[in-house]
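Here, residue 1 is the first one in the sequence, and each next residue gets the next number. These values consider heavy atoms only, across backbone and side chains, with no hydrogens, waters or symmetry-generated copies.
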Amino acid sequence: MNLRPITNLFGSESENKTMMISELKIYNFRRFKSVDGAPGLQITFHKGLNALIGENDSGKTAVIDALKLVLLTQSNEYIRPADDDFYKPTNGDTCSEFKIDCTITEFTQNEAKNFIEYLRFKKNGEKVEYTLELHYRAWKEGHKIFQELRVGDVDDGISIDGKARDLLKAVYLKPLRDAEREMSSGRSSRISQILLNHPVFKDKKEHIVLDIFQEANKRIEDYFTEDTEGKHILKTIRDNLESFNDKGQASNAELKTSDIQLKAILESLSLNAPEINPGLGELNLLFIAAELLLLKDDSDGGLKLALIEELEAHLHPQAQLRLISYLQNEYNENDVQIIISTHSPILCSKINLKNLILMKDGVGYDLAEGMTGLQKGDYLFLQRFLDSTKANLFFAKGIIMVEGDAENILIPVIADILGYPLEKYGVSIVNVGSTAFLRYSGIMVRKDGHTIGIPVSVITDCDVKPYDVDPVTKEKKFNEKTTESAQAEKDKNEKYTNGSVHGFTSPRWTLEYCIAMSSLSEDFHKAVHYGMKILNAQEHISLTDKKITEANQAAEEEGRKWHDLSQAETAYKIYNLMLNGDGKSSLKAIVAQCLASILRWEISVIPSELTQEKMFDLDLYGLKTDEQKKSELKSKIERDQFLSYIVNAIKYAAGEAV
């Protein structure tokens with residue numbers, strides 16, 4: 001511990017500094033086991049907004065609760081360690097002790113003076129850098145649990161109490177907020193606590209509000225002594241009392257107001273929403289608005305920290321977006337620190353990537369620039385295009401990245417046939433809408449070489465076109481290009497493989513071309529003709545049984561005509577049916593949807609009254625599955641060399657070794 005008179009410690013004040021939680025270490029607290037003295041969890045925080053994200057049971061709540069144990073809260077909740085806070089292995093006895101280390105840095109001079117006897121300091125030129133190291137420990141003796149908070153050296157710290165202890169308290173908003181009750185009047189109500197801690201009211205013995213009440217009380221008392229009706233009431237009471245009393249006993253009773261205190265006045269106030277009968281969402285916004293008062297207007301030199309669990313609670317998507325925009329814009333670059341936890345992809349899509357901390361398997365991964373595999377330009381790109389659908393990747397156990405709608409539609413159906421339903425395995429599909437995979441997948445790559453542990457499958461096309469173009473006539477001549485395709489497949493797999501991110505590239509041209517070469521070729525051929533019927537149909541007219549029969553007949557006739565062609569050239573012919581004159585296609589998503597319906601139809605138990613045209617209108621997942629047909633289709637897909645990259649990508653994202 002370095003102690004020196006306060007006048008010798010202050011250097012010049014640095015800009016944009018205010019005390020903040022910079023690091024948290026947890027040892028044997030809840031799920032975070034300490035191994036060989038190392039923390040079970042170590043997280044670095046920064047100023048402004050910090051958002052803890054991740055799937056359920058990843059440790060988000062434990063982080064918030066650990067900070068509450070160390071700092072306590074401004075609402076003076078009863079916070080003590082419980083039996084469930086001690087780490088317990090699957091097989092074995094519960095630990096008898098857990099520890100939490102919390103480091104606070106970036107003190108201003110005004111803040112440092114309140115903690116000077118507890119601080120470490122380092123001179124950096126004309127500036128003095130202060131650090132407060134808090135060490136919380138809880139331990140069991142028999143059935144009792146004890147706790148202590150010390151500051152300084154881990155083994156030789158001193159207790160922190162008094163004003164300094166009080167100035168560390170954080171604003172805390174619990175996940176299931178009863179905003180209406182918290183903002184209602186009553187003894188020690190939350191709204192009264194907020195107001196009493198605001199600089200306008202804090203430690204004030206005299207206040208204009210007191211004057212207003214005293215004046216009102218005086219007018220009430222005057223009513224009973226000067227107003228005709230009031231005087232009559234008081235006179236009646238005095239006459240009755242005179243009748244009850246002994247002769248000569250005083251009977252001049254008075255109606256007096258109580259000697260009201262400022263605390264009691266504020267406890268009589270309630271904070272009401274402007275709407276009549278407001279909903280839970282509006283009440284929660286009102287509650288948050290009130291709590292943030294203390295962060296903006298605290299001038300005591302205390303910790304300006306808000307801990308908010310499940311910020312999205314009771315808020316519809318647009319309200320979530322407005323709230324997170326406000327918090328980021330208002331607090332991101334000033335003297336307030338906010339740590340939130342969220343399960344909302346909507347919020348994650350709006351929060352700046354540098355403010356995200358991904359919780360996974362007991363580790364908190366900072367996603368700020370310099371910590372991930374993204375370049376600076378990638379952050380700007382990803383922030384623009386990260387919508388609520390793509391933000392699902394932060395809550396997934398596995399991720400499949402695709403470059404188009406066709407993959408987005410077909411892969412869930414194929415995964416279900418293979419026995420890997422994506423929702424059951426916690427796998428999210430992220431359609432990046434292009435081949436900019438590295439600008440997305442890099443967020444799951446760590447600069448230090450560590451692996452986050454979320455398997456990411458990047459599914460892409462090898463893009464080697466199976467034809468040559470005559471330089472003079474511009475005529476296309478089929479050329480399978482197996483060697484070039486194999487090399488492109490290898491190169492792209494290597495390009496997109498890094499850490500837990502693995503590339504899975506089509507062995508030929510595109511997904512559709514590979515399907516046309518595969519054991520699903522006949523179904524795909526039909527799907528192409530279904531798609532052409534749908535594209536050319538009048539508005540609101542879907543496929544009828546007649547059109548399906550016509551499409552099937554056209555596919556069969558072409559199949560007979562191409563019978564002598566190789567498998568690859570037949571696939572080329574089928575794929576060309578989808579293309580416009582410029583080589584583009586407006587059919588891909590439609591054909592993928594048709595093929596998905598065909599595959600579901602083939603493995604479903606179809607009631608006799610249903611005809612095939614209904615497969616595009618029904619929720620086929622509602623029909624009973626023919627397990628025998630499903631098993632046969634699964635085997636056919638798994639054995640197919642042209643579909644193996646899709647199969648492996650699904651299995652890898654689901655956590656299987658491939």
**Student:** With ring-ring contact (aromatic ring centres under 6.0 Å, His included) as the test, would you mind laying out the steps for Y130 and F121 before giving the verdict?
**Tutor:** CA-CA 4 Å; Y130 303 97; F121 67 92; 7.1 Å; no

**Student:** For E226 and K231, run salt bridge (charged side-chain N to carboxylate O under 4.0 Å, His left out): C-alpha distance rounded to whole Å, both residues' side-chain angles, the deciding distance at 0.1 Å, then the answer.
**Tutor:** CA-CA 6 Å; E226 298 176 6; K231 286 168 64 177; over 6 Å; no

**Student:** Taking all non-hydrogen atoms of both residues, which atom of L41 and which atom of G364 are closest, and how far apart?
**Tutor:**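 Smallest interatomic distance, heavy atoms only, reads CD1-N, 3.5 Å.
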
**Student:** Counting only heavy atoms not in K88, do more than 12 fall under 6.0 Å of its NZ?
**Tutor:** no

**Student:** I'd like to check the side-chain contact (heavy atoms from CB on, under 4.5 Å) partners of Q318; sequence neighbours left out, ordered by chain and number.
**Tutor:**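 With neighbours one apart ignored, the set is H316, L321, R322.
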
**Student:** Check the pair L303 / I21 against side chain to side chain contact (heavy atoms under 4.5 Å, CB included), numbers first and verdict last.
**Tutor:** CA-CA 9 Å; L303 182 64; I21 306 294; 4.1 Å; yes

**Student:** Check the angle between the aromatic planes of W139 and F146 and answer parallel, tilted or perpendicular using the 30° and 60° thresholds.
**Tutor:** parallel

**Student:** Look at atom NE2 of H232 and say whether more than 12 heavy atoms of other residues, nucleotides or ligands are closer to it than 6.0 Å.
**Tutor:**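 Check fails, neighbour count at 12 or below.
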
**Student:** Not counting sequence neighbours, which residues clear side-chain contact (heavy atoms from CB on, under 4.5 Å) with K263? List them please.
**Tutor:**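 Only S188, L196, E267 meet the side-chain contact (heavy atoms from CB on, under 4.5 Å) criterion with K263.
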
**Student:** Should the heavy atoms of other residues, nucleotides or ligands under 6.0 Å from CG of D211 be counted, would the total exceed 12?
**Tutor:** yes

**Student:** Report the residues that fulfil side chain to side chain donor-acceptor pair (under 3.5 Å) with S189, sequence neighbours left out, ordered by chain and then residue number.
**Tutor:** S192

**Student:** Verify the neighbour count for atom CZ of R80: are there more than 12 heavy atoms of other residues, nucleotides or ligands below 6.0 Å?
**Tutor:**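 Yes - once you tally the heavy atoms of other residues, nucleotides and ligands closer than 6.0 Å, there are more than 12.
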
**Student:** Given the rule in the salt bridge (charged side-chain N to carboxylate O under 4.0 Å, His left out) test, do K354 and D366 qualify, once you have shown the distances and angles that lead to the verdict?
**Tutor:** CA-CA 8 Å; K354 71 182 180 64; D366 190 346; over 6 Å; no

**Student:** Kindly check if the number of other-residue, nucleotide or ligand heavy atoms within 6.0 Å of NZ (K397) is above 12?
**Tutor:**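 No, not enclosed.
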
**Student:** What residues, two or more places apart in sequence or in another chain, satisfy side chain to side chain donor-acceptor pair (under 3.5 Å) together with N392?
**Tutor:** none

**Student:** Please answer whether the main-chain N or O of H343 pairs with a side-chain N or O of E312 as donor and acceptor at a distance below 3.5 Å.
**Tutor:**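 Checked: pair present.
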
**Student:** Which pair of non-hydrogen atoms, one from A391 and one from P345, has the smallest distance, and what is that distance?
**Tutor:**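 Heavy atoms only, the tightest pair is CB-O, 3.3 Å.
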
**Student:** Of the non-hydrogen atoms in F32 and A62, which two are nearest, and what is the gap between them?
**Tutor:**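 Smallest heavy-atom distance, with atoms named: CE1-CB, 3.6 Å.
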
**Student:** Is the terminal nitrogen or CZ of K68 (NZ for Lys, CZ for Arg) located under 6.0 angstrom from the six-membered ring centre of Y172 and within 45° of that ring's axis?
**Tutor:** yes

**Student:** I'd like to check the side-chain contact (heavy atoms from CB on, under 4.5 Å) partners of K99; sequence neighbours left out, ordered by chain and number.
**Tutor:**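 For K99 the side-chain contact (heavy atoms from CB on, under 4.5 Å) partners, ignoring immediate neighbours, are Y27, E97, R137.
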
**Student:** Give a yes or no on whether a salt bridge exists between D65 and R30, defined as a side-chain N under 4.0 angstrom from a carboxylate O.
**Tutor:**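 Yes, D65 and R30 are salt-bridged.
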
**Student:** Main chain of T103, side chain of S22: is a donor-acceptor contact present, judged purely on distance under 3.5 Å?
**Tutor:**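 Yes, because the side chain of S22 sits within donor-acceptor range (under 3.5 Å) of the backbone of T103.
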
**Student:** Looking at E111 and T108, would you say the former's side chain and the latter's main chain have a donor-acceptor pair under 3.5 Å?
**Tutor:** yes

**Student:** For the side chain of K113 and the backbone of N110, is there at least one donor-acceptor N/O pair under 3.5 Å apart?
**Tutor:**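 Here the side-chain-to-backbone pair exists.
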
**Student:** Please determine whether the number of non-hydrogen atoms from other residues, nucleotides or ligands lying under 6.0 Å from atom CG of D239 exceeds 12.
**Tutor:**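 Buried by this count: over 12 neighbours within 6.0 Å.
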
**Student:** Checking E106 against K47 for the salt bridge (charged side-chain N to carboxylate O under 4.0 Å, His left out) test, could you report, in this order, the C-alpha distance in whole Å, the side-chain angles of both residues, the deciding distance, and whether it holds?
**Tutor:** CA-CA 9 Å; E106 302 291 321; K47 66 179 179 179; over 6 Å; no

**Student:** Residues two or more places apart in sequence or in another chain: which of them pass side-chain contact (heavy atoms from CB on, under 4.5 Å) with K256?
**Tutor:** E221, E254

**Student:** Give a yes or no on this: more than 12 heavy atoms of other residues, nucleotides or ligands lie within 6.0 Å of atom NZ of K350.
**Tutor:**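 12 or below, so no.
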
**Student:** For the CZ atom on R219, are there more than 12 heavy atoms of other groups (residues, nucleotides or ligands in this structure) within a distance under 6.0 Å?
**Tutor:** no

**Student:** Is H207 reaching over with its side chain to a backbone N or O of L262, donor-acceptor style, under 3.5 angstrom?
**Tutor:** no

**Student:** With no hydrogens and no angle check, is any side-chain donor or acceptor of Q74 less than 3.5 Å from a backbone partner on A170?
**Tutor:**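 Judged by distance alone, no pair lies under 3.5 Å.
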
**Student:** Taking all atoms of both residues into account, what is the closest heavy-atom pair of L71 and L168, and its distance?
**Tutor:**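 Shortest heavy-atom separation between L71 and L168 comes out as CB-O, 3.4 Å.
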
**Student:** Measuring only between side-chain heavy atoms, which start at C-beta, is Y118 closer than 4.5 Å to R150?
**Tutor:** no

**Student:** If you take all heavy atoms of L347 and Q320, which pair is closest and at what distance?
**Tutor:**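 Closest heavy-atom pair between L347 and Q320: CD2-O, 3.4 Å.
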
**Student:** Determine whether a donor-acceptor pair (N or O, by modelled atom type, separation under 3.5 Å) exists between the side chain of D85 and the backbone of F29.
**Tutor:** no

